[in-house]
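Note on naming: letters A, B, ... go to the chains in the order of the sequence lines (proteins, then strands), and numbering restarts at 1 for each one. These values consider heavy atoms only, across backbone and side chains, with no hydrogens, waters or symmetry-generated copies.
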Amino acid sequence: MFSRAYKSAITLPPLFWVATFLLTPYALLFCYSFWSVSPAQIIVRQWNLENYRELLRVSMYPAVLLRSMRIAASVTALALLLGYPLAYYLSVHAGTRKHLLYQLVVIPLWVSYLVRAYAWKTILGSDGVLNTLLQYFHITHHPLGFLLYSPFAVVLTLTHIYTPFVFLPIYASLEHIPRRLVEASQDLGAPPLETFWRVILPLSIPGVLAGATFAFVLSLGDFLAPLLLGGPSGVMISNVVVSLFGAAYNWPLGSAISFCMLLLVVALLFLTERLEKRWSFS
Amino acid sequence: MTRARFLLLLAAGLILGGCARKTPTLNLLVWEGYADPSFVRAFEEKYHCKVFASYMGSSDELVAKLRGGSASTYDVISPSSDVATSIANAGLVAPLDLSKIPSYNELTTRLREMPLVRWNGQVYGVPFTWGPNPLLYDTSMFGSPPQSWNVFWDPKYRGKISVWDDLSTVYMAAQVLGYDRPNPAAIYNLSDPQLEAVKSKLLELKPNVRKIWSTGGELTNLFQNHEVVAAMGWPLMTNQLRKLNFPIGETIPAENTTGWIDHLMITAASKNKDLAYKFLEYMVQAETQKKLTDVTGYIPANPGAARFMTADEKKNLHLDQVDEYQKHIYFWQNVPRRAKYNEIWNEVKAAQ
């Protein structure tokens, strides 16, 4: 069909891309994670397992990782709760307004992440929109402190940012469900809830899994939201990595954490892919 | 617009941009306030150049940036007394030819004679300003200035305190625990058990901390938005908040505080050393130093700056009693176990 020259010409650029921008950096990261920093703050290329031992020795690292996973799980759950009904409504009930609504969901994706994070700051702050309103209507007498600089603010912002990422794959999978299957279910006398439960939901599981993976992985590795809105108790694992690569100047330890994160994410992707295959409609 | 036309325009823009960069440029990596237009613009006009400034949030950030390979990106840096020595020893900055900085001899003798930036008989930095890390407080929330750093731990101020994302917060806790007595330098040489105690003390502080600030602008905003009522800060922020008519107070509590002597240095990799020398000379001239204090509220290294000040301005800068003022400031020193200090501070930051 295609000549060999054509085939290699078409595979080389992506191969080059993957090797240069993916494999090499990861290999470097892997190497760094076995090196160390001398007291004079110079990275020494001496192979050892000290960094990984450090991760197990200092209880802070697993604790922060667990907290990050908790935050990511909350974000995923909330984004699913918001994204699924929205996608379902758009796919089934929106009719002619479908395209308009679709655009409205997607447009925020074009707004810079930073702008959206700062927007939440002005809404949630002590002098912010929400606290001013609450005090105006005498619902509270003092500004509510937990709204900003807290894990709550991080979960809220990340949910806002990643809900479209959950919505899109779910919407796509709902759109791909053949109408005849839904009609068959109805013709056979299933009430709407049962049709949803036994036909639509199972067929949309691949979309749900894809969306949930997006939301979980992206929020797990997020560092801007906790940096800007997290406050002293909302630090996530990426903030620790940023600090290790920055002010603390401990690239090896930072690499070790990053590598563990990478393994975690790859395992997760592997798992969800297996699940998606099991649920996919064929 | 078609994509081809867009690409063409983009290419044209890049080429034009490349040609326009003929004006010499000077890249600074300095503390906030050290590249204010009020004095930098005159320098740009005089030497027909452009000054680009990046700001650092802590001494460790500066060291990490230089170590991490950006040393050649910057021409001039402004390390403080804590890392100036190690930066000079590491060969990251060039030894200075003092004959190119005529105003150097006008600087306070005591600052010039410090061994901080002298190594192998050469001088690596020009001291140009110094100051404390004072306690800043919202005067509308405090009847009188807080007498002690202990006020940060007062349950009354839960979620109303901010501290700096810098080892200075570690030093402060060590002072509160009394480790600075009898020898103030001890806070820069804490033992492991002492560091553990400092860590516990800082963990106790966490419920009171609203946000750990990492840039001067961030702390100014935290005060303005009434997120915090007291913090460790810099005189720069006091100055900025007063200009905004914010009721800000500044004090050095009974335990005293840490402070810094900032030096200008030229990076070894700088390709604009001539222009960099002119900048150093300009920055330590008496007139620039006066403008610098107007912006920052820091104490000038060139006593000649006082010639341009009113009696009130001199009093505000404590120039009438410098020796007495310095007794309350423990100037940052090289911390031999800096990595350990950073580890403790990182653990405090990451804790729940």
- Task: Output the option from B:His226, B:Arg158, B:Arg210, B:Lys211 having the highest count of non-hydrogen pairs under 4.5 Å with chain A.
- Result: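 The candidate making the most pairs under 4.5 Å is B:Arg210.
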- With a 4.5 angstrom heavy-atom cut-off, could you sort out which part of B:Glu218 is near chain A: side chain, backbone, both or neither?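 Interface part for B:Glu218: neither.
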- Query: For atom NZ of B:Lys243, is the number of surrounding heavy atoms from other residues, nucleotides or ligands below 6.0 Å larger than 12?
  - Reply: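 More than 12 heavy atoms, drawn from other residues, nucleotides or ligands, come within 6.0 Å of this atom.
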- Task: Name the member of A:Gly231, A:Ser243, A:Pro232 that forms the most heavy-atom pairs with chain B at distances under 4.5 Å.
- Result: A:Pro232
- Query: Picking from A:Ala248, A:Gly125, A:Ser233, which has the most non-hydrogen pairs under 4.5 angstrom with chain B?
  - Reply: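 Most heavy-atom pairs under 4.5 Å with chain B: A:Ser233.
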- Query: Top residue by heavy-atom pair count (under 4.5 Å) with chain B, among A:Val235, A:Asp127, A:Val58?
  - Reply: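 Highest number of heavy-atom pairs under 4.5 Å: A:Asp127.
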- Query: Which heavy atom of A:Ala247 sits nearest a heavy atom of B:Asp60, and at what distance?
  - Reply: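 Scanning both residues, the minimum pair turns out to be O-CB, 3.2 Å.
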- Where does A:Leu228 contact chain B at under 4.5 Å (heavy atoms): side chain, backbone, both or neither? backbone
- Which bit of B:Leu167 comes within less than 4.5 Å of chain A, counting heavy atoms only: side chain, backbone, both or neither? neither
- Query: Taking the side chain as C-beta and beyond, is there a heavy-atom pair between A:Tyr149 and B:Leu222 under 4.5 Å?
  - Reply: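 Counting from C-beta outward, A:Tyr149 and B:Leu222 do come under 4.5 Å.
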- Crowded around B:Phe331 CZ? As in, over 12 foreign heavy atoms under 6.0 Å? yes
- Go through the atoms of B:Ala351 and report whether side chain, backbone, both or neither lie under 4.5 Å from a heavy atom of chain A.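 Only the backbone of B:Ala351 comes within 4.5 Å of chain A.
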- Message: Can you tell me how far apart OH (A:Tyr249) and CD (B:Glu61) are? Round to the nearest 0.5 Å.
- Response: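 So the gap between those two atoms works out to 14.0 Å.
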- Query: Does atom CZ of A:Phe146 have more than 12 heavy-atom neighbours from other groups under 6.0 Å away?
  - Reply: yes
- Task: Let me know if B:Val63 has heavy atoms under 4.5 Å from chain A in its side chain, its backbone, both or neither.
- Result: side chain
- Task: Name the region of B:Lys160, side chain, backbone, both or neither, that has any atom closer than 4.5 Å to a heavy atom of chain A.
- Result: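 Only the side chain of B:Lys160 comes within 4.5 Å of chain A.
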- In this structure, are over 12 heavy atoms from other groups packed under 6.0 Å from B:Glu204 atom CD? yes
- Do the non-hydrogen side-chain atoms of B:Arg67 and A:Ile42 ever get within less than 4.5 Å of each other? yes
- Task: Measure the CG-CG distance between A:Leu244 and B:Asn346 for me, rounded to the nearest 0.5 Å.
- Result: 6.0 Å
- Item | Within 6.0 Å of CE in A:Met261, more than 12 heavy atoms from elsewhere | yes
- Quick one: of B:Gly68, B:Ser214, B:Ala339, B:Ser59, who has the most non-hydrogen atom pairs under 4.5 Å with chain A? B:Gly68
- Item | Winner by heavy-atom pair count (cut-off under 4.5 Å) against chain A, out of B:Arg338, B:Arg337, B:Lys206 | B:Lys206
- Task: Take atom OH of A:Tyr26 as the centre, draw a 6.0 Å sphere, and report whether it contains more than 12 heavy atoms from other residues, nucleotides or ligands.
- Result: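 No, the 6.0 Å shell around OH holds no more than 12 heavy atoms from other groups.
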- Item | Contact check, side chains of B:Glu343 and A:Glu54, non-hydrogen atoms, under 4.5 Å | yes
- Query: Any donor-acceptor pair under 3.5 Å linking the side chain of B:Glu347 with the backbone of A:Met60?
  - Reply: no
- Query: In terms of heavy-atom contacts, does CH2 of A:Trp17 have more than 12 from other residues, nucleotides or ligands at under 6.0 Å?
  - Reply: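 No - once you tally the heavy atoms of other residues, nucleotides and ligands closer than 6.0 Å, there are 12 at most.
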